[in-house]
Amino acid sequence: MTTSQAANTVIVLDFETTGLSPNMGDRAIEIGAVKIDNGIVVDRFQQLMNPGFKVSSFIAGYTGITNQMLQHAPACDEVMDQFADFIAGYNLVAHNASFDQRFLDAELDSIGRSYDGQFACSMLIARRLYQQAPNHKLGSLVAYKDIDNDGVFHRALADSEMTAKLWLLMLEDLKSDHRITMPEFSVMQKLSRTAKASVTAYLKKQAC
DNA sequence: TGCCAGGCCCTCTTTAGGGCCTT
């Protein structure tokens, strides 16, 4: 992998977990990710993982991932070691990225691995671009933008696939308004970090 | 059995509070 390849490539990822907080003992139970290179999905990663304890009925109902499905899945450490290799050198995207970043950090810390990419958040960008959307949940944005999907939600690969489609659509919408110039990830990362009050001025500056 | 977090962002704000979003 060259530096230019990494600059044009992002990994869109999504975790399914036992709860909301790794600080409260929650663990990842599934990771899904797609690799986008210049607007094309070139690779995928999906793996269930055994957290070492039973998931609640709420999580099983929410995700469809049951304790039976996890019983013979490899341990988190093994899966996350493979995933660290998958994301090495690439920038990262997730919907509500602060959530996925917390679990990625916690799971990689536990095995002494790390990553060198930076995160951008598709939810924060969507809040800027699609202010008329009913809300900015991933499923709502998929419906609002009429994004093709197979009806599967709250599974890691399905959600990462839909987030990837949303990401590419937002890039196209920005390009069609002549609001962005390359490098795309840097612009999107700034949009997902810049306070709303300054976004309008930023976009106008991009359009000039 | 039931509950837990945290970052972003808006507003009836900034010495704060609460909704959104993720599982």
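When reading the values below, keep in mind they use all heavy atoms of this one structure, side chains included, and skip hydrogens, waters and symmetry mates. Worth saying up front: this structure is predicted, and the values here are computed from it rather than measured. By convention in this document, chain letters (A, B, ...) are assigned in the order of the sequence lines, proteins followed by strands, and residues within each chain are numbered from 1.
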Write down the distance between [atom1] ([X]) and [atom2] ([N]), rounded to a whole number of angstrom.
| X | N | atom1 | atom2 | answer |
| --- | --- | --- | --- | --- |
| N96(A) | dC21(B) | CG | C1' | 4 Å |
| K137(A) | dT23(B) | NZ | C1' | 13 Å |
| D100(A) | dC8(B) | CG | P | 14 Å |
| F99(A) | dC21(B) | CZ | C1' | 10 Å |
| E16(A) | dT22(B) | CD | P | 11 Å |
| L20(A) | dG19(B) | CG | P | 17 Å |
| F119(A) | dG7(B) | CZ | C1' | 14 Å |
| M123(A) | dG19(B) | CE | C1' | 11 Å |

Give the ring-plane orientation class for F99(A) versus F103(A), where under 30° counts as parallel, over 60° as perpendicular and anything between as tilted.
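It falls in the tilted class, 30° to 60°.
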Look at the aromatic rings of F185(A) and W167(A) and report parallel, tilted or perpendicular, splitting at 30° and 60°.
tilted
Of all the nucleotides listed ([options]), which has the minimum atom distance to the side chain of [X]?
| X | options | answer |
| --- | --- | --- |
| H136(A) | dC8(B), dC21(B), dT22(B) | dC21(B) |
| T17(A) | dT23(B), dC20(B), dG6(B) | dT23(B) |
| R128(A) | dG6(B), dC9(B), dT23(B) | dC9(B) |

Within 45 degrees of the ring normal and closer than 6.0 Å to the centroid, is that where the cationic atom of K35(A) sits relative to F45(A)?
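So K35(A) doesn't make the cation-pi contact.
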Under a 3.5 Å threshold, yes or no: a donor from one side chain and an acceptor from the other, between N135(A) and S140(A)?
yes
Pair E30(A), Q47(A): side-chain N/O donor-acceptor within cut-off below 3.5 Å:
no
Specify the residue among S192(A) and D159(A) whose closest nucleotide of DNA chain B lies further upstream toward the 5′ end.
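Looking at the nearest nucleotide for each, S192(A) comes out on the 5' side.
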May I ask you to evaluate whether H154(A) reaches the phosphate of dT23(B), defined as a side-chain N or O under 4.0 Å from OP1 or OP2?
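For dT23(B), OP1/OP2 do have a side-chain N/O of H154(A) under 4.0 Å.
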Rounded [atom1] spacing from [N] to [M] in Å:
| N | M | atom1 | result |
| --- | --- | --- | --- |
| dC12(B) | dA16(B) | C1' | 11 Å |
| dT1(B) | dG18(B) | P | 31 Å |
| dT15(B) | dG2(B) | P | 40 Å |
| dG7(B) | dT13(B) | P | 24 Å |
| dT14(B) | dC9(B) | C1' | 13 Å |

Give one of base, sugar-phosphate or nothing for [X], where a contact means two heavy atoms less than 4.0 Å apart.
| X | answer |
| --- | --- |
| D26(A) | nothing |
| L138(A) | sugar-phosphate |
| L124(A) | sugar-phosphate |
| T63(A) | sugar-phosphate |
| M24(A) | base |
| F103(A) | nothing |
| D14(A) | sugar-phosphate |

Would you indicate whether the side-chain heavy atoms of R27(A) and T17(A) approach each other to under 4.5 Å?
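T17(A) does not reach R27(A) side chain to side chain.
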